[in-house]
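The structure under discussion appears below in the form of structure tokens.
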Amino acid sequence: MVIRRLLSVFLLAAATPTFAASASRADAALDRALQNLVSMPGGPPGVIALVQRGDAVDVHTAGVADVSAPRPIDATDHMRIASVAKAFSGAVALSLVQQGILGLDDTIGERRPDLPVAWHGATLRQLLNHTSGVPDFILSEAAQNAVRASPGTPLPPRALLDFVKDLPLSRPGKYNYSNSDNIIVGLIVETVTNGTYQEALAAQVTTPLGLPQTTLPVGTAMPLPFFHGYDIPDDGGFEDVSEVLAAGWAWASGGVVSTPAELNRFIRGYVGGALFGADVQTEQRRFVRGGGSEPRGPGRNAAGLALFRYQTRCGTVYGHTGNTYGYTQFAAASSDGTRSVTVSIDLQRTQDNEGAENKVYRALRKTELLAVCAALAR
């Protein structure tokens, strides 16, 4: 059942509040939404939302971290952050831009001439805002077959791109969400730093922001304790898929493991300017209309450089979403990073789901909105 359903991984990362409700009312509305989410048919076993206003951090939970040994979810539980890892690769790249080691107009051909010639004209800027046109390797039938054959043993990052090496760019300049983009960013980082992407991630992001529990593993094992991820098979019940798919199959595009507490700390620093200056941040926030994160986040989405803008009825926040086998993630912060939110569930749900599964996705998106409202409330 697990292998048969693995394709779901691939086919399915200063605000001025306008919300009038008090923080206590907003928090209460969020708590009700979390409880509704875990109680609805096909809902996740557990959900955790962190809301931080200034120095005050509130942890909201419903359900359990592990259905086999029920316990509440904790902010220090490890989890797969899925495509929110793309924000981490953006953080690494933009930090190197700040240092003059990389330029946003550097091309693939200049930095990685070993990649297909047809891709050589795409720039780092285009890779980061998904307008490069490089095909998404995850959509390749050959890649899907490779994952089915060996879910626990991934190919090396460079080899992931071989699944689409003979394909041309598809309409460069047009927004097209592609996991290949962030694989290439990771490879470029390795070239310019003369080291591994994992080393650059530590040097540029996790160490400066104080994220000792945030790592980029290769295999399937999760560090203890962890927030278990689940699938719901056709015959019902919850199937633990936490340690089925190796992180290396997503690498820089989605392989990072973190905790709710550290994900919150990351998004505050990343959005708030702790890793690069105002000039780089200005470039990062040149948004592409219609560029939505995967899955879509709350409100109206627009794509920047490894960052999405979410314009909601309660105000505007900036961040990333993600989904992978067993998890769906959302992390965002106000423009200055002083107000932030993360929402994590232990089930994969996106706008592409149908029927009852889509109802869960819609309930999750509403929960994300209420979490934003709580973060921005006065």
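In what follows, every heavy atom counts, from backbone to side chain, and hydrogens, waters and symmetry copies are set aside.
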Does Thr312 reach the main-chain N or O of Gly299 with its side chain, forming a donor-acceptor pair under 3.5 Å? no

Between Gln281 and Val271 (side chain of the first, backbone of the second, donor and acceptor by atom type, cut-off under 3.5 Å), is there such a pair? yes

How many angstroms lie between atom CZ of Phe238 and atom CD1 of Ile232, to the nearest 0.5 angstrom? 4.5 Å

Partners of Trp119 by ring-ring contact (aromatic ring centres under 6.0 Å, His included), sequence neighbours excluded? none

Taking every non-hydrogen atom, the tightest pair across Val317 and Ser334: CG1-N, 4.2 Å

Under a 4.0 Å N-O cut-off, is there an ion pair linking Arg112 with Glu110? no

With rounding to the nearest 0.5 angstrom, report the CZ to OG1 distance, Arg32 to Thr367. 12.0 Å

With sequence neighbours left out, what residues match Asp66 under salt bridge (charged side-chain N to carboxylate O under 4.0 Å, His left out)? none

Can you confirm whether the side chains of Asn176 and Ser178 place a donor and an acceptor under 3.5 Å from each other? no

In terms of hydrophobic clustering (I, L, V, M, F, W, Y; side-chain heavy atoms under 4.5 Å; direct or indirect links), are Val218 and Ile183 co-clustered? no

Once ring-ring contact (aromatic ring centres under 6.0 Å, His included) is applied, do any residues pair with Phe276, and if so which ones, sequence neighbours excluded? none

So, the side chain of His120 versus the backbone of Pro113: is there a donor-acceptor pair under 3.5 Å, distance only? yes

Side chains of Asp27 and His60: closer than 4.5 Å at any heavy-atom pair? yes

Would you mind reporting whether Asn358 and Arg362 have side-chain heavy atoms less than 4.5 Å apart? yes

Please identify each residue that fulfils ring-ring contact (aromatic ring centres under 6.0 Å, His included) with Phe266, with sequence neighbours left out. Phe88, Tyr270

Less than 4.5 Å apart, any side-chain heavy atom of Ile267 and any of Tyr318? no

Shortest non-hydrogen separation from Ala247 to Pro217 and the atoms involved: CB-O, 3.4 Å

Rounded to the nearest 0.5 Å, what separation is found between the CZ atom of Arg365 and the OG1 atom of Thr328? 13.5 Å

Do Leu94 and Leu275 have side-chain heavy atoms sitting under 4.5 Å apart? no

So which heavy atom on Val341 is nearest to which on Ala375, and how close? CB-CB, 4.3 Å

At their closest point, which heavy atom of Met79 faces which heavy atom of Pro260, and how far apart are they? CE-N, 3.5 Å

Short side-chain donor-acceptor distance under 3.5 Å, Glu262 and Thr214: yes

Using the test ring-ring contact (aromatic ring centres under 6.0 Å, His included), find all partners of Phe163 that sit at least two apart in sequence or belong to another chain. none

Which atom of Ala377 lies closest to which atom of Ala26, heavy atoms considered: CB-CB, 4.0 Å

Would you kindly confirm whether Val343 and Leu369 end up in one hydrophobic cluster when ILVMFWY residues are joined by side chain heavy atoms under 4.5 Å apart? no

Look up atom OG in Ser258 and atom NE2 in His78, then write down how far apart they are to the nearest 0.5 Å. 7.5 Å

Start with the C-alpha distance between Asn323 and Arg349, add both sets of side-chain angles, then the distance that settles side chain to side chain contact (heavy atoms under 4.5 Å, CB included), and finish with yes or no. CA-CA 7 Å; Asn323 71 102; Arg349 290 292 177 262; over 6 Å; no

Gln329 and Ser344: side chain donor to acceptor below 3.5 Å: yes

Working to the nearest 0.5 angstrom, can you tell me the gap between Thr193 OG1 and Leu201 CG? 11.0 Å

No-hydrogen, no-angle side-chain donor-acceptor test under 3.5 Å, Thr342 and Asn264: no

Mind checking whether Tyr361 and Leu370 sit in one hydrophobic cluster, side chains of I, L, V, M, F, W, Y counted as touching below 4.5 Å? no

Taking side chain as C-beta onward, heavy atoms only, is Leu187 less than 4.5 Å from Trp251? yes

Could you see if Val164 belongs to whatever hydrophobic cluster contains Leu169? Use Ile, Leu, Val, Met, Phe, Trp, Tyr and a side-chain cutoff under 4.5 Å. yes

Tell me whether Gln144 contacts the main-chain N or O of Ile138 through its side chain, where contact means a donor paired with an acceptor under 3.5 Å. yes

Can you say whether the rings of Tyr175 and Tyr177 are parallel (under 30°), tilted (30 to 60°) or perpendicular (over 60°)? tilted

Arg285 side chain to Gly304 main-chain N or O, any donor-acceptor pair under 3.5 Å? no

Would you say the side chain of Val84 lies within less than 4.5 Å of the side chain of Val256, judging by non-hydrogen atoms? no

Rounded to the nearest 0.5 Å, the CZ atom of Arg265 sits from the OG atom of Ser340 at a distance of 11.0 Å

Under 4.5 Å between any side-chain heavy atoms of Tyr230 and Asp240, yes or no? yes

We want to know whether Thr191 and Arg111 form a side-chain donor-acceptor pair, criterion being a heavy-atom distance below 3.5 angstrom. no

Is NZ or CZ of Arg309 both nearer than 6.0 Å to the six-membered ring centre of Phe287 and within 45° of the ring axis? yes

Please test Glu190 against Glu199 for side chain to side chain contact (heavy atoms under 4.5 Å, CB included), starting from the C-alpha separation and ending with a verdict. CA-CA 9 Å; Glu190 291 191 331; Glu199 291 169 342; over 6 Å; no

Quick check on side chain to side chain contact (heavy atoms under 4.5 Å, CB included): which of Thr131, Thr107, Leu104 does Gln126 satisfy it with? Thr131

Ignoring hydrogens and angles, write down the donor-acceptor pairs under 3.5 Å from the side chains of residues 33-51, residues two or more places apart or on other chains.
{"from": "Gln35", "atom 1": "NE2", "to": "Ser39", "atom 2": "OG", "distance (Å)": "3.3"}
{"from": "Ser39", "atom 1": "OG", "to": "Gln35", "atom 2": "O", "distance (Å)": "2.8"}

Validation row: Leu127, Ile108 side chains within 4.5 angstrom (heavy atoms): yes

Please test Glu294 against Lys86 for side chain to side chain contact (heavy atoms under 4.5 Å, CB included), starting from the C-alpha separation and ending with a verdict. CA-CA 11 Å; Glu294 293 295 329; Lys86 293 178 173 66; over 6 Å; no

Does the pair Glu283 and Arg125 meet the rule for a side chain to side chain contact (heavy atoms under 4.5 Å, CB included), with working shown? CA-CA 9 Å; Glu283 294 299 318; Arg125 184 191 305 273; 2.7 Å; yes

Can any side-chain N or O of Gln351 pair as donor or acceptor with the backbone N or O of Pro295 at less than 3.5 Å? no

Ignoring hydrogens and geometry beyond distance, is a side-chain donor-acceptor pair present between Ser89 and Asn182 at under 3.5 Å? yes

Would Leu115 and Val117 show up in the same hydrophobic cluster when neighbours are defined by side-chain heavy atoms closer than 4.5 Å? no

Please say whether more than 12 non-hydrogen atoms of neighbouring residues, nucleotides or ligands are located less than 6.0 Å from CZ in Arg71. yes

Is the number of heavy atoms from other residues, nucleotides or ligands under 6.0 Å of Asp114 CG greater than 12? yes

Is there a donor-acceptor contact under 3.5 Å from the side chain of Ser150 to the main chain of Gly152? no

Any sub-3.5 Å donor-acceptor pair from Thr324's side-chain atoms to Tyr327's backbone N or O? no

Determine the minimum heavy-atom distance between Gly255 and Ala250, stating which atoms define it. N-CB, 3.8 Å

